[in-house]
Visitor: 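Shown below is the structure under consideration.
Quick caveat, the model's predicted, so the values are computed rather than measured. Every chain is numbered from 1 and lettered A, B, ... according to where its sequence line falls, protein lines coming before strand lines.
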Number of protein chains: 2
Amino acid sequence: MLTALFLKGRLRHDLSEEERNALDNAVARTVEIRPRMTLVERGKLIEHSYYLVEGTMLRHIDDRRGERQLVGVNIPGDFVDLHGYAMKRLDHDVGSLTRATLAQISHRKITELIDAFPHLGRALWFSTLLDAAMHREWIFGLGRLNAEGRIAHLIAELIERLRLVELYDGSVLPIPLLQRDYAEACGITPVHANRSFRTLRERGALRPCGEGRLEILDEALIRRLGEFDGSYLYGTGELALRTLHDR
Amino acid sequence: MLTALFLKGRLRHDLSEEERNALDNAVARTVEIRPRMTLVERGKLIEHSYYLVEGTMLRHIDDRRGERQLVGVNIPGDFVDLHGYAMKRLDHDVGSLTRATLAQISHRKITELIDAFPHLGRALWFSTLLDAAMHREWIFGLGRLNAEGRIAHLIAELIERLRLVELYDGSVLPIPLLQRDYAEACGITPVHANRSFRTLRERGALRPCGEGRLEILDEALIRRLGEFDGSYLYGTGELALRTLHDR
DNA sequence: GCTTCTCAATCACCTAGATTAGAAGGGCCG
DNA sequence: CGGCCCTTCTAATCTAGGTGATTGAGAAGC
């Protein structure tokens, strides 16, 4: 099943087998994309959305001077541009970090899905609002944490999200972000990202382990430095949601 | 009509009279709130959402040390916590800046509305994604602009949003944010917010005009300093959306 | 074999913004 | 009326992070 990871760790148990099958059957085709390619461009009229099956995708806003700000990272189980269903054009670009496999679903099909399965429709809505919750947490991090804390927060979030979809092995972060990418996500320069990684290394929090990946040595420390509380991911913790069905 | 400003300047023209009436009739009651009070608390189970009729509301995340990060400002025409419809609990707090009037709509009623008017449902979804788009723009600002630029960006956004709902008179920003609030939105200290306001004043961009309001003297300059391009508000510009009806 | 890239890593120096501490002005309350 | 907040505004000092430049390792290409 292509969409097996959709809302895994959150509301997937709340979807009926019929709904899960309907979502999976809505996929028109899958596409492969090479690393560091653009998938969806800001401003282009779009008529389908992509669900990420495998790989990592990055969402970013570029300013006139060519400076790039990451606004999101997507991992398997995420829709990368479901916003486009209700907005028709994206305000930012979506590109690949690694080689990636995506499942394409047309907006017409999504409308049919929602008409046939209103509860699934709410789950789709929910999934776009998870993005918004993550955005808010990034705003918090950019506004209130120093460079080291921002990087730690990002790493802690990625670990937690991978854990929810059972793609975290407990020690290696399988997302080959470059220090430049961390810098673009955290609003700092690559030089300073490097300095921050050094202190994280010296504190024994993590260390590089080849191919751009990080070995996580002390997750608790990383969470503390990033003031991370994962409840905003709505998987576990005080905000966790059991059902979207009306009481 | 209480909800007359909902999606005004964006998709309101796309709503039928029937849909507009249905939304208005879904309002259970209106509530008044005094300035600087909390309306919705993070983590509380909620069963209705609030549409802002009059006044200004602020949304913020507080960290353990009592530091506050604004993550959104709401003006008339906005739902302040429609996210809560699909998420049941908010990850942040919503409070008033000024005295405010809100229309309360139960989640049960929203479900009925969406069932009866799927297109209105998509418009409601769209409105929550506008929040996400604004969040992304704030992330961009926090990551890529200096203090003066961040403040300018926020002011430019507020002007543009007020203009969309026709609440901007062309010279006075009718939102009495304190310098402390700007600081909490922009991730800087109040002292530095003050310095930045001084340079904005010295450049002839704006000046205070009593009761915490700002007189806008050179909007073009403010937009330039904040690298502001309002198309992410989906009102005018390259991303503007004409209809949510299927083609 | 060489060159050419890219990325991590580091240094020296400089600036934007934080921190701390007050002063001045207005509104509200007793 | 005096006293007390709260807010704006300012100055002095300090630091996190930016800038620019260099080095070395590894991979890609010729």
Visitor: Among residues 135-147 of chain B, which ones have heavy-atom contacts with DNA chain D below 4.0 Å?
Guide: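 Those residues: none at all.
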Visitor: Take atom CZ of B:Arg180 and atom P of D:dT8, then tell me their distance rounded to the nearest Å.
Guide: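 Roughly 8 Å, once rounded to whole Å.
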Visitor: Counting only heavy atoms from other residues, nucleotides and ligands, does the tally under 6.0 Å from CZ of B:Arg36 exceed 12?
Guide: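 Counting other residues, nucleotides and ligands, CZ of B:Arg36 exceeds 12 neighbours.
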Visitor: Nearest-Å distance, CZ (B:Arg36) to P (D:dT7)?
Guide: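 Result: 7 Å.
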Visitor: Are there more than 12 heavy atoms of other residues, nucleotides or ligands under 6.0 Å from atom CD of A:Glu54?
Guide: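 No.
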Visitor: Separation of B:Leu177 atom CG from D:dT8 atom C1', in whole Å?
Guide: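 So the two atoms are 15 Å apart, to the nearest Å.
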Visitor: Please collect all side chain to side chain donor-acceptor pair (under 3.5 Å) contacts where either partner lies in residues 71-83 of chain A, sequence neighbours excluded, each pair once.
Guide: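 Qualifying pairs: A:Asp78-A:Arg161.
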Visitor: Is the shortest distance from a Lys or Arg side-chain nitrogen in B:Asp91 or A:Arg136 to a carboxylate oxygen in the other one below 4.0 Å?
Guide: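 Result for this pair is yes, salt bridge flagged.
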Visitor: What's the shortest heavy-atom distance between B:Ala185 and B:Leu70, and which atoms?
Guide: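 So the two residues come closest at CA-CB, 3.7 Å.
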Visitor: Under a 4.0 Å threshold between the charged nitrogen and the carboxylate oxygen, would B:Arg163 count as salt-bridged to B:Glu219?
Guide: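 Here B:Glu219 pairs with B:Arg163 in a salt bridge, since their nearest N and O are under 4.0 Å apart.
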Visitor: Verify whether one side chain among A:Arg42 and B:Ser231 offers a donor that lies under 3.5 Å from an acceptor in the other.
Guide: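 Their side chains do contain a donor-acceptor pair, which is all the 3.5 Å distance test asks for.
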Visitor: Quiz question: by atom type and distance under 3.5 Å, do the side chains of A:His153 and A:Arg150 form a donor-acceptor pair?
Guide: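 Short answer, no.
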Visitor: So, are A:Arg223 and A:Glu160 salt-bridged, with charged N and O less than 4.0 Å apart?
Guide: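 Looking at A:Arg223 and A:Glu160, the cut-off is met.
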Visitor: Less than 4.0 angstrom between a side-chain N/O of B:Gln179 and OP1 or OP2 of D:dT7, yes or no?
Guide: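 False: B:Gln179 side-chain N/O out of range (4.0 Å or more) of D:dT7 OP1/OP2.
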Visitor: Would B:Asp63 and A:Arg144 pass as an ion pair if we require N to O under 4.0 Å?
Guide: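 Salt bridge between B:Asp63 and A:Arg144, a charged N being under 4.0 Å from a carboxylate O: no.
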Visitor: How large an angle, rounded to 10°, do the end axes of the helix from C:dG1-D:dC30 to C:dG30-D:dC1 enclose when each is built from five base pairs?
Guide: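 End-to-end axis angle: 30°.
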Visitor: Is the A:Phe79 to A:Tyr85 ring centre distance short of 6.0 Å?
Guide: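 No.
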Visitor: I need the minimum non-hydrogen distance between A:His92 and A:His60, along with the two atoms involved.
Guide: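 In terms of heavy atoms, the two residues are closest at CB-O, 3.4 Å.
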Visitor: Earliest and latest nucleotide of DNA chain C, 5' to 3', sitting under 4.0 Å from a non-hydrogen atom of chain A?
Guide: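 That gives a stretch of C:dC7 to C:dA12.
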Visitor: Round to a whole Å and report the spacing from CD of B:Glu202 to C1' of D:dT10.
Guide: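 After rounding, the gap between these two atoms is 12 Å.
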Visitor: Scan nucleotides 24-29 of chain D against the protein and return all N/O pairs shorter than 3.5 Å with their distances rounded to 0.1 Å.
Guide:
none

Visitor: For DNA chain C, determine which residues of residues 182-196 of chain B have any heavy atom closer than 4.0 angstrom to one of its atoms, and list them numerically.
Guide: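 By residue number: B:Gly187, B:Ile188, B:Thr189, B:Val191, B:His192, B:Arg195.
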